[in-house]
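Okay, so here's the structure we're looking at.
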Amino acid sequence: MSAPSFGHLLAPGRIGTMAIRNRIVMSPMETMYGTPEGLPSDRTVAYFTARAAGGAGLITVGATGVDPLHPETPGGLQIGTDDAVPGHRRLVEAVHAHGARIQPQIVHAGPDGLGPEMHGVTSLGPSVIPSYLTGRPSAEATKEQIAAILDQFRGAVVRVREAGYDGIELHAAHGYMFLGSFLAPQRNRRGDRYRGTSVEGRIRVVLEALSAIRSEVGSDFPITLRISGYERVAAGRPVHDTAAIAPLLVEAGVDAFHVSGGVIDRLVTGMVNAADAGDGLNVGAAAAVKEAVDVPVIAVGRLHDPVLAEAVLADGRADFVAMGRPLLADPDLPRRLADGQAERVRRCISCENCIDTLEEKLATECAVNPATGHERERVVLPAARPRRVVVVGAGPAGLEAARLADTAGHTVVLLERAERVGGALVAASAVHPENRTYLDWLVAEVGRSAVDVRLGAAATPDLVADLAPDVVVVATGGAVVLPTVPGADLPHVSCGIDPERLPVGRRVVVIGGRLAAVEYAETLAAHGRLVALLETGPEIAPEFGLKRRTEHFDRIDRLGITVHVGCTVEEITSDGVRYVPAHGTSRMLTADAVVLAGAVVPDLTLSEAIAARLPHVPVHPIGDASLGLGLIRGATATSARVVQEIG
């Protein structure tokens, strides 16, 4: 089979006066890496520099505010003051050094900023509407206040040009922030000339913003407009309305359209789409806009597969494709395509860890790429003193540790007791198919390396000692602790989760609500089983953030799975499970089969035994062995840390 060709993706392109080396645009994404003053930090510069070095054609910096008193997020960037220019210039110069173009996405947070919480100022919007983030209502902006905000856009774009940026992206998408809120019928309830009941009223403030910007930078400074093609909410803007207003926006000075979709909510549900939403979901809207105008159109949204992205361009549905999360997972994606190594691209697995970490850590991280956001400290450098490293366990943590250690120049032996590699990631791929691309990538990368992989090798302290290691890494996974339930020894009860084996019978009760149990329950229901899920704790899949959990709630609802949390499991009988639902009384669930999912806890047994056998050799447990339920993100992060410690 011949290797795929990416002639359209890799062809040079142009937006206005901006020449771009290929058709791959890095989407604007919030990272919260900025300084407390809203300036690009060292972390910001390293993050974008890695994507420029990886070959992206145009990098779009996430939401960059024109008013420092109205930030969208803590750690978000701003260019609303003159003293912000040097910090932005440093970022621009670092990106330009690697041949990429760069533009900031210019925004005023409007009703959705943190001005009230952080600076004691009142948020402004088209109407009195609550912030999607805080729920705090904005004030309806007066005409004078609108004029003042337009002046802020005017001043900001001057600074953008002074910093050396190649253009701007003006944000008017997703029914939020200042411009997007005016464009959204469901949020714009004004009755004046900016009224939300007419196209002319909704678009007016965007036209005025374009006029204000053009008055400062003239006609030769590229402006891309980010807009939602289809808003995907009740009373939201349909695709044909977006296509209808596009020519008016071109006449006002738009050089390109970046066509996204959806409307903001607390979980960015319609903006950052789950795997269930399908691939390329905004391509139709992008094509509709392209059919109405003569300027370039950028398509975005689940274009994770370069083959699909190439087809979108080849079919004439768009002129550029924007990739966000794919470039979190692999900043070298464009370069790999150019080098004819598409099979080496590390794909996004749609786990939404990047969203979860924004909530948990106020900084974006990637599950499959532990260097995202840590480009300075997690770079793999040639080892100053190559060591002999023995890695025990070929699950995701062990494979990643072996791969990184080999990249650093160490001699690596990888021991796996099974006859195949992958560990828990094999089962995880059966219930979340997107994981399979990461498993295949890990296996292929280790196969290309000099790692000595030994299958069917059950590691013992003596076996490890015989290999004379300088360092031992133990990645044997956590221990599954099963609940003690009367009747657990009955023949129709399965202990642990095996997605490759479906239980016999139509009615299945799954006891335990960790993520693997939830995904297993979904798999059973998709195969026609009637499934009940019992969790004694207060929440299912607590190891994930609310966005991913809510997507599971939706899937559970579609599949007809019943769920009980905060319940007590009393006993398993030959024909069912007796349990007490929260605030209820003892009841019986009919069951042909019962699955005890159990909980994953750290298991240091082997690492401690090896450390006792080799007291002078560093022994590092990683992944689930050290964390318990660490998931892929824990596997990769601990692997990266341990390889850094080896040196």
Side-chain angles (χ1 to χ4, degrees), residues 27-36 38 41 43-44 46-47 62-63 71-77 112-114 117-118 131-135 264-269 271-275 324-325 327-329 348-378 396-397 400 428 432 434-435 438 478 513-519 535 537-553 565 599-602 622-624 626-641:
S27 295
M29 294 175 288
E30 184 55 77
T31 63
M32 299 192 194
Y33 298 159
T35 69
S41 64
R43 188 179 190 183
T44 308
Y47 164 78
E72 187 202 1
T73 61
L77 300 180
D112 299 306
L114 295 178
E117 289 73 23
M118 295 178 66
S131 163
Y132 80 94
L133 186 62
T134 67
I264 193 73
D265 61 20
R266 184 68 179 80
L267 303 177
V268 294
T269 305
M271 293 170 50
V272 181
N273 301 97
R325 280 143 191 93
L327 291 176
L328 297 183
C348 169
I349 61 171
S350 301
C351 68
E352 300 183 317
N353 179 70
C354 49
I355 304 298
D356 287 347
T357 51
L358 278 177
E359 294 275 350
E360 297 167 4
K361 301 181 179 182
L362 298 183
T364 290
E365 293 182 350
C366 176
V368 298
N369 180 10
T372 293
H374 300 278
E375 285 79 10
R376 293 175 300 153
E377 68 270 27
R378 289 188 182 168
E400 177 70 351
H432 184 69
E434 287 74 17
N435 287 337
Y438 181 56
R514 60 187 170 99
L515 176 67
V518 173
E519 291 183 325
E535 166 58 40
E539 185 59 89
I540 63 170
E543 59 269 42
F544 266 104
L546 186 55
K547 175 172 169 56
R548 175 77 179 267
R549 282 207 308 276
T550 300
E551 289 162 359
H552 282 292
F553 297 158
V565 300
V600 179
V601 299
I622 62 171
D624 287 0
S626 63
L627 300 173
L629 190 56
L631 306 175
I632 291 174
R633 63 187 178 191
T636 60
T638 54
S639 298
R641 282 197 293 269

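Bear in mind the structure is a predicted one, so any value in this text is a computation, not a measurement.
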Restricting to ring pair (Phe, Tyr, Trp, His ring centres under 6.0 Å), what partner residues turn up for F544, sequence neighbours left out? none
State which residues pass salt bridge (charged side-chain N to carboxylate O under 4.0 Å, His left out) with E30; sequence neighbours excluded, sorted by chain then number. none
Qualifying residues under side chain to side chain contact (heavy atoms under 4.5 Å, CB included), relative to L362, sequence neighbours excluded: M32
The side chain to side chain contact (heavy atoms under 4.5 Å, CB included) partners of N369 (sequence neighbours excluded) come to R51, P331, R346, C366, A371, T372
With sequence neighbours excluded, tell me which residues meet salt bridge (charged side-chain N to carboxylate O under 4.0 Å, His left out) with R378. none
Counterpart residues, side chain to side chain contact (heavy atoms under 4.5 Å, CB included), relative to A397 (two or more places apart): A475, I622, A635, S639
Can you list the residues that meet the side-chain hydrogen bond (donor to acceptor under 3.5 Å, both in side chains) rule with N353, with sequence neighbours excluded? R633
The criterion is side-chain hydrogen bond (donor to acceptor under 3.5 Å, both in side chains); which residues satisfy it with T550, sequence neighbours excluded? none
List the residues meeting side-chain hydrogen bond (donor to acceptor under 3.5 Å, both in side chains) with S626, not counting sequence neighbours, and say none if there are none. none
For A275, which residues count as a side chain to side chain contact (heavy atoms under 4.5 Å, CB included) partner, sequence neighbours excluded? R302, S350, E434
For D112, check side-chain hydrogen bond (donor to acceptor under 3.5 Å, both in side chains) against everything at least two apart and list the hits. R187
Sequence neighbours left out, what passes salt bridge (charged side-chain N to carboxylate O under 4.0 Å, His left out) with R641? Give chain and number order. none
